[in-house]
Structure formats: C-alpha cells, structure tokens
There are 2 protein chains.
Amino acid sequence: MPPRSAHPRSTGRVTLADVAAIARVSPITVSRALRGERSVDPELVARVKAAADRLGYVPDPAARALASRHSTHVALLVPMLSNSLFVDLLEAVQGALRREGYQTLIGVTHYDAGEEEQLLREQLQHRPAGLLVTGLEQSEGTRALIHGSGLPCVHLMETSAAQGVYSVGFSQADAGAALTRHLLERGHRRIAFGAAQLDARTLQRLAGWRREMQAAGLHSPTLEWLNPAPSSLSLGRTMFEQMIAQSPPLDAIFFCNDDLAQGALLSALRLGISVPERIAIAGFNDLTGSDQMLPPLTTVRTPRAEIGAAAAVMLLGLMRGEVPPSACVDLGYEVVVRQSS
Amino acid sequence: MPPRSAHPRSTGRVTLADVAAIARVSPITVSRALRGERSVDPELVARVKAAADRLGYVPDPAARALASRHSTHVALLVPMLSNSLFVDLLEAVQGALRREGYQTLIGVTHYDAGEEEQLLREQLQHRPAGLLVTGLEQSEGTRALIHGSGLPCVHLMETSAAQGVYSVGFSQADAGAALTRHLLERGHRRIAFGAAQLDARTLQRLAGWRREMQAAGLHSPTLEWLNPAPSSLSLGRTMFEQMIAQSPPLDAIFFCNDDLAQGALLSALRLGISVPERIAIAGFNDLTGSDQMLPPLTTVRTPRAEIGAAAAVMLLGLMRGEVPPSACVDLGYEVVVRQSS
DNA sequence: CTGAAAGCGCTTACAG
DNA sequence: CTGAAAGCGCTTACAG
C-alpha cells in the first residue's frame with residue numbers, strides 16, 4: 001500500500017485529516033469527538049470513533065501540545081529513588097496516569113531545593129499538563145514557577161489545610177507522635193530520636209516525638225541525634241554505635257526511617273546487644289526487609305502507593321477543570337508493632 | 001513590559017522569531033545557529049547566541065518535535081525499580097541525558113514482555129529520539145517496533161556481538177562462573193544455585209554456574225533451585241529454609257541476587273546456622289546493605305551506574321548520526337569476597 | 001552561507 | 001451543533 005499522501009514531508013502517520021475523510025466530517029469535528037467534548041452529535045461521534053479505530057489513529061502528542069499549549073506529560077518531583085518509599089509512590093502515580101494517557105516526567109531532586117527548581121524549570125519547558133510535587137516546602141523560585149505556570153499541582157506525602165493548596169498524604173507529626181506513644185506505653189522512658197537527611201518530613205516526625213516526650217515530661221535535647229547525612233543502613237549502624245554508648249543509657253531509639261533502624265538492628269546483633277530487652281528499636285515507613293529483621297522491626301506503615309494513586313486521580317480531575325471534593329486528602333498511617341520494641 | 005506580540009494566541013513565550021528580530025537574521029538562521037549546524041557564518045552564530053541569551057530563549061520541544069519528527073525524549077525500559085540495581089541504572093542514564101537536554105521517558109515492564117511491548121508502543125507515540133532497553137531478549141512485537149521505528153537503540157546490562165546491535169553491559173554468564181570458581185576455590189563442593197524471577201540475565205548466571213560445576217564434575221540438577229516468583233528478602237528466607245534441609249547437605253548457595261542472599265543470611269541467623277562454617281552464602285549485584293549483613297555478604301559488584309552512563313553516551317552519539325567506536329561495550333564485574341563465603 | 005515558503009498535526013477562536 | 005481559517009513554534013526541502 002502506498003503512503004496515503006504524496007506530500008514530501010508526510011510522516012506516514014495516520015492523521016486527523018485521514019480520519020475526517022473516512023468519517024466524512026471536518027478535522028475539527030474529529031478532534032472534538034475524540035477528546036470527548038460534548039456538543040458533538042452522538043451519531044457523528046460514533047462515526048468518528050469507528051473511523052479512528054479502523055485506521056488505528058493515535059493523536060500526535062507534539063502537535064497536540066503545540067496547538068493546545070499543554071502536553072500529555074505530568075511532571076513528578078521526588079527526592080530520591082534509593083529510598084524505596086519513593087519507588088512505590090512513583091509506580092503508583094505512573095500507573096494511574098498512564099491509564100489516562102499521560103506520561104510521567106520524573107525529576108529526582110536529591111533533597112536539593114536548587115536542583116528541584118532547576119528540574120521543574122526543565123520539565124515546564126515540556127509544557128506538562130499538571131504537577132506532582134513531594135512535600136510542601138519549596139524554594140521561593142520553585143513556588144514562583146509553580147504559581148507562574150498556572151498548572152494544577154498536587155503535593156504528596158504531607159497534608160496542608162492552606163487555601164488553594166492541593167495535597168494527599170498524612171500527618172507526619174501525628175505518625176511520629178503515635179509511634180512515640182507506643183514506645184511510652186511499652187514502658188520506655190529514655191527514648192531517643194535518631195534522624196538522618198533532616199528533610200521536612202523527618203523534622204515533622206521529630207516534632208511529633210518531641211510533643212509526646214514533652215507531654216510525658218521526658219524530653220531532653222540530649223535525646224535528639226540529628227545527622228544531616230543521607231539515610232542508609234550503614235549510617236544507622238554508625239549512629240547506633242554512638243547512641244548505645246550514651247549515658248545514662250537509652251531505653252529505646254525511634255529512627256526516622258527504616259533503613260537506619262535496620263542498620264541499627266544488624267549492629268546490635270553484631271555487638272550482642274539484645275533487642276528489645278537491652279534497648280528497643282523502631283523505624284518508620286515499613287520498608288522492604290523490616291519484617292525480616294532479627295527481631296522484626298516495629299515501624300509505621302505509610303500508604304505511599306495509595307497516596308500516589310489518589311494524588312494522580314486528584315490531578316487528573318484538576319486537569320479536566322473539576323473541583324476536587326476535598327483539597328486535602330489524609331490517608332493516615334498505621335503503627336506496626338513487631339518484636340523490636 | 002507588554003507581550004511582544006499582540007497575536008490572540010501568543011503564549012508569551014520567547015520564540016525563534018523574537019531572537020531573529022534582535023539578531024537581524026532570518027528565523028531559519030537562528031535555528032541552524034542554535035543547533036550548531038556548521039555552514040553558518042561564525043559571526044552570525046555569535047550574534048544569534050547573544051540575542052538568544054539576552055532574551056532567555058528556550059526552544060519549544062513540542063514545536064521542534066512536530067517539525068523534525070523527533071522529540072528530545074529518550075525512552076528507557078527497565079524491568080523493575082524495586083530492585084535498586086535499576087534505580088542506579090536509571091539515575092545514571094537520566095543524569096547523562098539531562099546534561100545534553102534530553103528527557104528520559106521511563107517505562108517499567110515488571111518483567112513482562114507484553115507490557116514491555118505496550119509501553120514501548122506508547123513511548124514511540126512521543127517520537128523519542130532514541131531507545132534504551134534492558135537486556136537483549138524482547139518479544140517479536142517489541143523487536144519489530146524497535147526496528148520499525150528506525151531509531152537508534154542501545155541494550156543495557158548484557159553484551160551482544162550481533163551485527164547492528166548496540167549494547168553496554170558485561171557477561172552475566174562469565175560473572176556467574178567467576179563467583180562459582182571462587183566458591184570452588186574455597187573448597188566448597190555441593191554448591192547450589194538459588195534463583196528467583198528467572199529472567200534472561202538470571203538464567204545466564206545460572207549457565208555460568210553450570211559451566212563451572214560441570215567442569216569440576218560437581219554438577220547435579222538437584223542443586224538447581226529455580227523459583228519464578230519475584231526476588232525478595234522474604235523469598236530468600238523461604239528458599240533458604242528449604243535448601244538447608246536438603247540431603248546430602250549443601251556446602252554453599254549462590255543466590256542470583258543479593259536480596260535473596262540477604263534473606264537467607266537473616267534466616268540463618270534466626271535458625272542459628274553458622275555462615276560460612278555450616279554453609280557458605282553468596283549473592284549477586286552488591287546491593288545496599290550487603291556489606292552490613294552478618295556476616296557481610298560475598299557477592300559480585302556490577303557496574304550499573306557506569307553502564308547507564310556509557311549507554312547514554314553511546315546513544316547520544318548515535319542520535320547525532322555518529323558511528324560508535326565499538327558497538328559492544330563490556331564494562332566487566334568484580335567478585336567481592338566478604339565473610340559469608 | 002542564507003532565506004522565503006511550506007509544512008509538521010493538531011486546537012483555538014470566531015462564525016454561523 | 002459544525003466548519004473554514006488561522007495559528008502554535010519550529011525544521012525541512014528547495015533555491016540562490
């Protein structure tokens with residue numbers, strides 16, 4: 001079969017015009033029918049869809065983006081994929097968006113506000129139809145870019161009651177407080193907070209821990225072990241080795257992320273320190289392997305897959321111009337008590 | 001400042017035409033100058049670049065894609081991000097491509113050939129400028145899509161000597177053989193191979209193990225423990241519990257991936273089975289945490305970040321129409337002997 | 001080495 | 001509810 005068109009620059013692609021010719025309507029009607037604009041005669045819609053199916057027509061994203069000023073891309077900004085939390089988030093987002101014909105543009109910020117801004121700038125050049133951003137704390141520049149773009153934007157992992165801000169997540173502070181209460185109920189008094197990275201969400205968990213410790217009259221600044229280095233198993237080991245030597249001795253450690261807690265657990269095994277008898281250990285996020293540790297790790301299960309999916313659904317609605325039922329969706333968390341506490 | 005143009009549909013964006021007006025040349029000359037086409041007077045190039053800088057001009061990817069038939073996207077297909085191996089690969093690819101102005105379109109296939117094909121089909125609609133595909137084994141349909149697209153394509157993680165195939169990786173079979181030799185040299189005889197997922201690369205490692213075991217006259221089908229379920233710590237535990245009960249007893253287990261081996265190590269700890277005295281354990285890929293295990297895990301370090309970066313560089317060259325110095329880049333591997341063997 | 005014209009494949013904005 | 005015209009912002013292909 002020869003190409004449908006003899007134009008020298010024809011790409012061989014099936015175009016709107018081809019569909020229009022078959023359906024015997026104008027190209028613009030095809031465009032409207034296929035995009036589901038109402039105000040097209042249902043009979044024509046059917047004719048157009050049949051023609052499109054027959055020809056295997058697929059809209060050209062570039063042409064669509066150029067004409068409409070919006071691509072079928074959605075920009076997603078996450079801090080770090082080495083934390084599997086964000087892999088789960090990403091997969092859920094990507095799955096939900098893909099079903100609706102959107103491609104996810106992934107930017108990994110490495111917890112760097114400047115890099116986040118630069119990535120967003122680059123992503124905006126592709127004229128995404130919407131934005132998905134981890135957390136609520138952005139640089140001035142990033143905020144200006146988001147606002148200036150006029151694009152719908154949903155924030156992930158935290159919740160915000162602020163006007164005009166869309167968010168899907170849970171209260172990191174409350175989750176931190178809940179785990180702390182669990183440790184207090186177990187009878188632990190000297191409960192340290194071990195944190196790395198020190199990003200916004202970690203600091204909120206810290207605030208939750210502080211709140212409960214102060215309420216119990218047990219807070220002391222010497223119980224706060226804050227390390228700005230990236231979170232990892234080996235950092236957990238290092239921190240544990242320092243913390244276990246503290247005097248008076250600690251009863252328990254609440255690590256801000258499971259990888260630190262896993263490293264601590266392995267270190268305790270190595271040093272012959274019994275957990276939870278000598279010291280209790282708890283983590284956060286319920287990452288892979290935490291249930292396999294020795295002893296299995298007490299932690300907080302966070303619904304990142306659900307957050308990703310719900311945020312994608314909310315964004316999809318916003319991109320269609322709908323008003324979401326709620327601008328702030330709280331998906332909660334769950335304290336998972338295992339043997340390490 | 002008012003918008004530069006009174007056109008009702010102007011986007012407010014700085015365009016080629018704006019730069020051309022300032023530089024006092026035609027738009028097509030601006031296009032050529034900025035894309036680095038030679039056959040533009042160096043003096044004009046300088047004038048154009050100065051004008052572009054002054055205006056903060058950024059080319060519109062959609063317009064460029066529509067006119068040129070190629071976007072600034074590169075499609076990347078990986079099996080699974082829950083294996084941190086592919087996160088490392090992805091980050092390296094994305095970093096290298098981003099520096100040259102390309103956006104990475106990530107498709108996660110979940111080790112499913114049908115999903116891989118569907119993802120590629122969707123990605124091709126965005127007219128990527130190049131393709132990066134994990135492994136050499138694709139479905140007929142995927143191969144047809146790759147070939148039919150006419151796009152440059154580089155395969156990752158494995159090496160192929162086939163004509164017209166570009167690949168960056170290492171010999172999975174040789175790496176499997178090397179680790180097996182190490183275990184043999186340690187004096188182990190009954191060395192089992194424990195595998196999950198059973199993807200192409202795992203089976204190549206299996207082949208390497210088999211080769212060495214047969215050469216040593218020690219191979220037996222009963223030493224092959226092959227489980228098609230996804231690789232994970234908990235599966236490693238389950239497999240280990242079965243394998244340790246085998247009789248006559250095993251001397252060593254070579255797991256096809258570190259997560260299985262980590263699960264096995266934790267299981268051994270739980271059961272009070274001493275490693276490597278009672279049984280040696282080795283893994284593959286040197287994933288996060290393997291050096292923190294008890295005992296630290298013997299494994300094979302694989303250069304995935306280097307593979308990602310080198311593949312991106314090769315693809316960048318191919319997209320410029322260059323012929324790469326070598327169509328097949330072997331980046332090797334390294335047996336990392338720790339205490340578990 | 002440079003440019004005027006045409007075109008990539010859609011959608012917007014305006015009519016009717 | 002439907003369409004003819006114009007335009008999105010680039011690059012290709014053809015001249016000179």
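Computation of the quantities below employed the complete heavy-atom set of this structure, encompassing side-chain atoms and omitting hydrogens, waters and symmetry-equivalent molecules. Chain A is the first sequence line, chain B the second, and so forth, proteins listed ahead of strands; every chain is numbered from 1.
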Watson-Crick or G-U pairs under 3.5 Å in DNA chain C, rendered as dot-bracket with [ ] for crossing pairs and | for another strand:
|||.||||||||.|||
Nearest-angstrom distance from the residue atom [atom1] of [X] to [atom2] of [N]:
| X | N | atom1 | atom2 | value |
| --- | --- | --- | --- | --- |
| I28(B) | dT12(D) | CD1 | C1' | 8 Å |
| Q125(B) | dC8(C) | CD | P | 20 Å |
| R69(B) | dT11(D) | CZ | C1' | 10 Å |
| E43(A) | dT2(D) | CD | P | 9 Å |
| E37(B) | dT11(D) | CD | C1' | 9 Å |

Which residues share a side-chain contact (heavy atoms from CB on, under 4.5 Å) with [X], sequence neighbours left out:
| X | value |
| --- | --- |
| V25(A) | A23(A), T29(A), V30(A), L44(A), R47(A), V48(A) |
| A309(B) | none |
| D112(A) | E115(A) |

May I ask you to say what R35(B) touches in the nucleic acid, namely base, sugar-phosphate or nothing, with a heavy-atom cut-off under 4.0 Å?
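Counting heavy atoms under 4.0 Å across all strands, the contact made by R35(B) is with sugar-phosphate only.
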Output all residues satisfying salt bridge (charged side-chain N to carboxylate O under 4.0 Å, His left out) with E137(B), sequence neighbours left out; order by chain, then residue number.
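Expected list: none.
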Going by the rule salt bridge (charged side-chain N to carboxylate O under 4.0 Å, His left out), which residues pair with E100(A) if we only count those two or more places apart in sequence or in a different chain?
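Checked E100(A) against salt bridge (charged side-chain N to carboxylate O under 4.0 Å, His left out); zero matches.
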Starting at the 5' end of DNA chain D, which residue's closest nucleotide do you reach first, R32(B) or A63(B)?
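Between the two, 5'-proximity favours A63(B).
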Report yes if at least one side-chain N or O of S68(A) is closer than 4.0 Å to OP1 or OP2 of dT11(C); otherwise report no.
no
Give a yes/no answer on whether the side chain of T29(A) brings an N or O atom under 4.0 Å of OP1 or OP2 in dG3(D).
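For T29(A), the contact criterion (side-chain N or O under 4.0 Å from OP1 or OP2 of dG3(D)) is met.
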Minimal heavy-atom distance between R35(B) and S31(B), with the atoms involved, is NH2-OG, 2.8 Å
